[in-house]
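In what follows, every chain begins at residue 1, and chains take the letters A, B, ... in the order their sequences are listed. As the structure is a computational prediction, the values presented were derived from the model and not from experiment. When reading the values below, keep in mind they use all heavy atoms of this one structure, side chains included, and skip hydrogens, waters and symmetry mates.
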2 protein chains.
Amino acid sequence: MTARTSTESARDIPEATVARLPVYLRALTTLSEAGTGTCSSEALAAAAGVNSAKLRKDLSYLGSYGTRGVGYDVDYLRYQIAREIGVTQDWPVVIVGIGNLGHALANYSGFRSRGFRTVALLDADPARHGEMVAGIQVRPFVDLESIVAEHGVAIGVIATPAVAAQAVADRMVACGITSILNFAAGVLSVPAGVDVRKVDLSVELQVLAYHEQRKAQGELA
Amino acid sequence: MTARTSTESARDIPEATVARLPVYLRALTTLSEAGTGTCSSEALAAAAGVNSAKLRKDLSYLGSYGTRGVGYDVDYLRYQIAREIGVTQDWPVVIVGIGNLGHALANYSGFRSRGFRTVALLDADPARHGEMVAGIQVRPFVDLESIVAEHGVAIGVIATPAVAAQAVADRMVACGITSILNFAAGVLSVPAGVDVRKVDLSVELQVLAYHEQRKAQGELA
DNA sequence: TCCGTTTTGTTCTCCCGTTCACAAACTCCT
DNA sequence: AGGAGTTTGTGAACGGGAGAACAAAACGGA
């Protein structure tokens, strides 16, 4: 509203909004593929599973990309969100730990289709080296540094057992990786400036169990 | 919805706290295995990666299980949290969609060790039926109803492609499942009273990409 | 017993995120 | 051209969670 230079991306997008932008992006992609040219905040909010007021406020952090009385141009908004998130560019990614989960991640098509390119699969176990997974050869973990340097990797994925996770993270940070997606149990300690996001499968189930237990308790009342 | 009667367990634990209890539980287990008998909120908070004041407030929702001037008895607190979450009991779980991710989930030891027992692996693809995964035979999806009835399953995991997810969820709900962990992309629509938690791998990477992009922009300023 | 030390449980304040509600802005129809 | 109908963008109220700070409680030593 005040000083807002058009080139300046000094917009401070709230973290909660950032986490929803990918959801909107996916909903817009679905709409676009269905041939929808324009959509209202109400329709998009329904497709994304959120409140329409929240959606509009989220989008307002990016700019005014809608038209009052009309709605949003699906493809235009999709591009704007993609640009804001950064998925218009190509992100090389390294996956460390090629067990069951590493296999699944390497084969997950949702990464590549969103601008994430797996440039290497690494594992400390020599028995795995050379194995082909998703068209990529599994290489020794010690190759990390050269791979990061060669491809300019900024994002690393940890899919190792919990005991190895911290050591892997330390090495990643030392090699210059500044964003880590961690699937291993436990807390990772990294220096400031490095982002870590954690996905903990058993935590999710335990939260469900808590609510399930409460439902059961309520029934026998 | 049904009125929440006065017999409710009095404690209305905030959702944010519920999500952290499993983390504390894991930290306590680690401490216990290391032979630690007692720990302060400071120490436990460090192990769990949270602020100590937040930890104490979280625990205070469960009751007063600590001793001032001393700290918490590791095993006692561990049991209390486990009981509160509900992981002292056995939770039968069904996994639907035995692709790469389904394989990984079926083999994930973190489930079983926390009270979750995979009672069935289901897939719609007849080519997969009979295959043994993690010691369990893959069965047809249509067996869902009988399995849920037989084992009293309340929790279902969806690891199918996005297009099938809603149909699977509908069927799960129809069979009596009231908690769903969804790994498929897109929004699930379920009736009130059914809990859904969603894990979206590509969303996590996109959030990292956003921050990564901002770091890069800042550097060239 | 009494005092100093340690650590919990809790209160208070601040901040972030959600939601409501409405004016502004645009389209369409007459 | 003008009014009716839509839909966005945003100001404001509201609720919940995070963290600082402190009083209460327990222990240990003299």
Participant: Which nucleotide, C:dG17, C:dT7, D:dG17, lies nearest any side-chain atom of B:Ser40?
Facilitator: C:dT7
Participant: Salt bridge or not for B:Lys215 and A:Asp195, using N-O below 4.0 Å?
Facilitator: yes
Participant: Round to a whole Å and report the spacing from OH of B:Tyr65 to P of D:dA26.
Facilitator: 17 Å
Participant: Start with the C-alpha gap between A:Glu204 and B:Lys198, add the side-chain angles, then the distance that decides, and say whether salt bridge (Lys or Arg N to Asp or Glu O under 4.0 Å) holds.
Facilitator: CA-CA 8 Å; A:Glu204 301 301 325; B:Lys198 181 160 162 47; over 6 Å; no
Participant: Please state how far atom CG in B:Leu59 lies from atom P in C:dT8, giving the value in whole angstrom units.
Facilitator: 9 Å
Participant: When the nearest nucleotide of DNA chain C is assigned to A:Arg20 and to B:Ser41 on a heavy-atom basis, which residue is associated with the more 5' position?
Facilitator: B:Ser41
Participant: Measuring from the side chain of A:Ala53 (C-beta onward, heavy atoms only), which nucleotide among D:dA20, C:dA21, D:dT8 has the closest atom?
Facilitator: C:dA21
Participant: Examine C:dG9: is either OP1 or OP2 under 4.0 Å from a nitrogen or oxygen in the side chain of B:Tyr72? Give yes or no.
Facilitator: yes
Participant: Quick one: which of C:dA23, D:dA21, D:dC27 gets closest to the side chain of B:Arg56?
Facilitator: D:dA21
Participant: Check the distance between C:dC26's P and A:Asp73's CG and give it to me in whole angstrom.
Facilitator: 16 Å
Participant: Can you find a side chain N or O atom of A:Asn51 that sits less than 4.0 Å from OP1 or OP2 on C:dG17?
Facilitator: no
Participant: May I have the list of side-chain donor-acceptor pairs in residues 99-112 of chain B shorter than 3.5 Å, sequence neighbours left out?
Facilitator:
residue: B:His103; atom: ND1; partner: B:Gly99; partner atom: O; Å: 2.9
residue: B:His103; atom: NE2; partner: B:Glu131; partner atom: OE2; Å: 3.2
residue: B:Asn107; atom: ND2; partner: B:His103; partner atom: O; Å: 2.9

Participant: Look at B:Ser64 and C:dG9 and indicate whether a side-chain polar atom (N or O) is within less than 4.0 Å of OP1 or OP2.
Facilitator: yes
Participant: Is it the case that over 12 heavy atoms from other parts of the model lie below 6.0 angstrom from the CD atom of B:Glu145?
Facilitator: no
Participant: CG of B:Leu44 versus C1' of C:dT8: gap in Å, rounded?
Facilitator: 13 Å
Participant: Once you apply a heavy-atom cut-off of 4.0 Å, does A:Glu15 come out as touching a base, just sugar-phosphate, or nothing?
Facilitator: sugar-phosphate
Participant: Check whether the side chain of A:Lys57 and the base of C:dT19 form a donor-acceptor pair under 3.5 Å.
Facilitator: yes
Participant: If each of B:Thr67 and A:Val70 is mapped to the nucleotide of DNA chain C with the nearest heavy atom, which maps nearer the 5' terminus, i.e. the 5' end?
Facilitator: B:Thr67
Participant: Just checking A:Tyr65 against A:Tyr76, ring centres under 6.0 Å apart?
Facilitator: yes
Participant: Confirm from the modelled atom types if A:Arg68 and D:dT8 form a donor-acceptor pair under 3.5 Å, side chain to base only.
Facilitator: yes
Participant: Atom CG of A:Asp58 and atom P of C:dG17: how far apart are they, to the nearest Å?
Facilitator: 10 Å
